[in-house]
Number of protein chains: 2
Amino acid sequence: MAATLADVAARAGVSSATVSRVLNGNYPVAESTRRRVMAAVADLDYVVNAHARALAAATSDVLGVVVNDISDPFFGVMAGAVQGESALDDLLAVICSTAGSPAEELRYIGLLLRQRVRAIVLTGGHQPDSAHFAELQALVRRAVAADTRVVLCGRPALPDTGAVALEFDDFRGAQALTRYLLSMGHRRIACITGPAGSSTTRARLAGHLAALAEAGVAADESLQVPGGFDRTSGFEGAQVLLDRAEQPTAIVAANDLVALGVLAAARERDIDVPGRLSVTGYDDISFAVDAYPALTTVRLPLIEAGRRAGRIAAGREAAAPGAVVSLRPELIVRDSVAAPRSG
Amino acid sequence: MAATLADVAARAGVSSATVSRVLNGNYPVAESTRRRVMAAVADLDYVVNAHARALAAATSDVLGVVVNDISDPFFGVMAGAVQGESALDDLLAVICSTAGSPAEELRYIGLLLRQRVRAIVLTGGHQPDSAHFAELQALVRRAVAADTRVVLCGRPALPDTGAVALEFDDFRGAQALTRYLLSMGHRRIACITGPAGSSTTRARLAGHLAALAEAGVAADESLQVPGGFDRTSGFEGAQVLLDRAEQPTAIVAANDLVALGVLAAARERDIDVPGRLSVTGYDDISFAVDAYPALTTVRLPLIEAGRRAGRIAAGREAAAPGAVVSLRPELIVRDSVAAPRSG
DNA sequence: TTGTAAGCGTTATCAT
DNA sequence: ATGATAACGCTTACAA
């Protein structure tokens, strides 16, 4: 159906090798033939077949990006940065949404490997104790061995796999946030955590507890309710927390989306934020500033991480196999936190 | 480097044809050989080469999705729906961000065509008068002729190209919105429109003007300020409008993001919304409800459109070439509109 | 049920 | 500067 190199060659009265040369422009070709060839290309609406090319040249022009959910701005922003940066090298990005399922993640990595992608960028969190974790490590190791760069973007390193990691230091971010809450006078601080078992949840919770510990404030497990990373988790988690006899003076949400849910729940109950309840987010997605009240949160360098991951994936920025970079989060103080009401 | 079918065949002591058969499972193979083959596959960490397969079988397992900006939730949600639906057929989705540039769009479509993608889903708007438009039509026509399905998702039809269109009826959506504003008593209604020349901008503006006309309200061109589809355009557009001697009682924003910018500008000037100024959005992205005040807007069936586009692209849902479906938007009344202050 | 072998559309190595 | 031609790794008639 579609025209092939041979068709173009026939039409231009040259060999297919010559056509290939003018198309790739990496070989001397007489100007006159080049023009004849280009004319034939135009006449026939010829479009190279990337598969044939990939097969013959053993290279591919696509990279894979694995995210939990591309419609979540946290991932959308990172994926966009990866894509934008890699597009500079004419690379295409396959984007895969796992919905947070480690099994799906493995499946997608497998599919990407079949495609012989140049690189795979993995975002999101690990589930260190899941049965899938060992499989993941093995798969990544194999990928790297097969010359497929693997970049962990905003995700903990995968030791001994050769994957490059751009980690977010969630421990410090969460610690800074809780320290701030403490400094404002809060003592009864509740958390709506991310999914149990996720590395992100662990790191953020650990940072929170560390801040509590250093201030000599006892951690109350009944104030930790688990959830997901979505608005609904925040809404529901807040209901649970606000039904308690002794209400918290502050709620630390797993991320901004969760915080938005908390704010909605508070609004529904006519609880003034931050007057009667302080709320914090995490990530600083672009909407955090438009929430009401504007969210006090922790800014993660999503774009910087994505861009850099894109450059490393594209091979434009060097990175030693197994290198790990830690990216510092930044506390962003806005309006959703105030001192607790005395009494 | 990587193991090939032949390697597996050698190891299993069978022909490569047999290996291909067990891998594809579309041919009878003796259970004993199947096991030997699978064992060899595992031993060698064999992974099929999708390029070789695509070349030989003349089919590909990927589809392309073209968006303006994947980090914008409007596109993120649609792209996510397309991807999620097509993943059911084990298809991979290449996502391309054009930043609204028609030239980039053409470039990406070309790249996708090389990849011999199964289908291309185009989102966003057209620029009917741009020089690129004719090229776009020609390219789409060629794609369809080459058996690449093209689905226009939330985007106006492309006549005579064979592309299937899932249109949003922006005229009616905008009309309903302005009618509502009018019914609340507004007469001096300003607009911050999308980019001049975009089909989306035109349709929404036309709906707005139609509503004005049917109510016998004269349209004041000085109340229309152009912009982009981002928050900054809203912020800046609002500054311009609010600097006018005679301020509008309502601002119709090009979309929710723009409306968020307008709200921010109003907040900065201590202008009460909706008390002194009403503001409307468009799209009903998920954050619209969390804005302050919650945005009155027009809901577009983004997920429905994306899912359906994904199904058509995957070939799971039939659609006659050139078919065009119009999806109805819905007015969502929340808190950002009130009656104008008398006087 | 299994093997043989001819493509699929490029690139790349030799020649010329 | 250009042409043959052998890969590249798989699918798929056609045989056996």
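Letters A, B, ... are given to chains in the order of the sequence lines, protein chains preceding strands, and every chain is numbered from 1.
Of the candidates dT10(C), dC10(D), dA1(D), the closest approach to any side-chain atom of Ala30(A) belongs to dA1(D). The Asn49(A) side chain lies nearest to dG9(C) when the options are dA1(D), dG9(C), dC10(D).
Under 4.0 Å is where a charged nitrogen must lie from a carboxylate oxygen, and between Arg307(B) and Glu304(B) no such pair does. Salt bridge Arg53(B)/Asp61(B): absent, no basic N to carboxylate O contact under 4.0 Å.
Separating the CG atom of Leu55(A) from the P atom of dA6(D) is a distance of 17 Å, rounded to the nearest angstrom. Remark: P of dG9(D) and CD of Gln115(A) are 16 Å apart, rounded to the nearest angstrom. As a whole-Å value, the separation of Arg35(A) CZ from dA1(D) C1' is 16 Å. Leu5(B) places its CG atom 13 Å from the C1' atom of dC8(D), with the value rounded to the nearest Å. Rounded to whole angstrom, the span from the CZ atom of Arg53(B) across to the C1' atom of dG7(C) amounts to 17 Å. Atom pair His51(B):NE2 and dC10(D):P shows a separation of 12 Å (rounding to whole Å applied). With rounding to whole Å, Arg116(B) atom CZ is found 11 Å from dC8(C) atom C1'. Rounding to whole angstrom units, CG of residue Leu23(A) and P of dT11(C) are separated by 7 Å.
The closest donor-acceptor contact from the side chain of Arg36(A) to the backbone of Ala12(A) lies under 3.5 Å. A donor-acceptor pair under 3.5 Å links the side-chain atoms of Arg155(A) to the main chain of Thr123(A), judged by distance alone. A distance-only check finds no donor-acceptor pair linking the side chain of Thr161(A) to the backbone of Arg141(A) [under 3.5 Å].
Taking 4.0 angstrom as the limit, Thr4(A) places none of its side-chain polar atoms (N or O) nearer than this to OP1 or OP2 of dG9(C). The side chain of Thr18(B) places an N or O atom within less than 4.0 Å of a non-bridging phosphate oxygen (OP1 or OP2) of dG3(C).
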All N/O pairs under 3.5 Å across the protein-nucleotides 12-16 of chain C interface:
| residue | atom | partner | partner atom | Å |
| --- | --- | --- | --- | --- |
| dT13(C) | O4 | Arg21(A) | NH2 | 3.2 |

* For the pair Val164(A) and Leu152(A), evaluate side-chain contact (heavy atoms from CB on, under 4.5 Å) and give the outcome as yes or no after the intermediate values. => CA-CA 6 Å; Val164(A) 173; Leu152(A) 301 163; over 6 Å; no
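Ring-plane geometry between His51(A) and His51(B) is classed as tilted, the angle between the planes lying from 30 to 60 degrees on a 0 to 90 degree scale.
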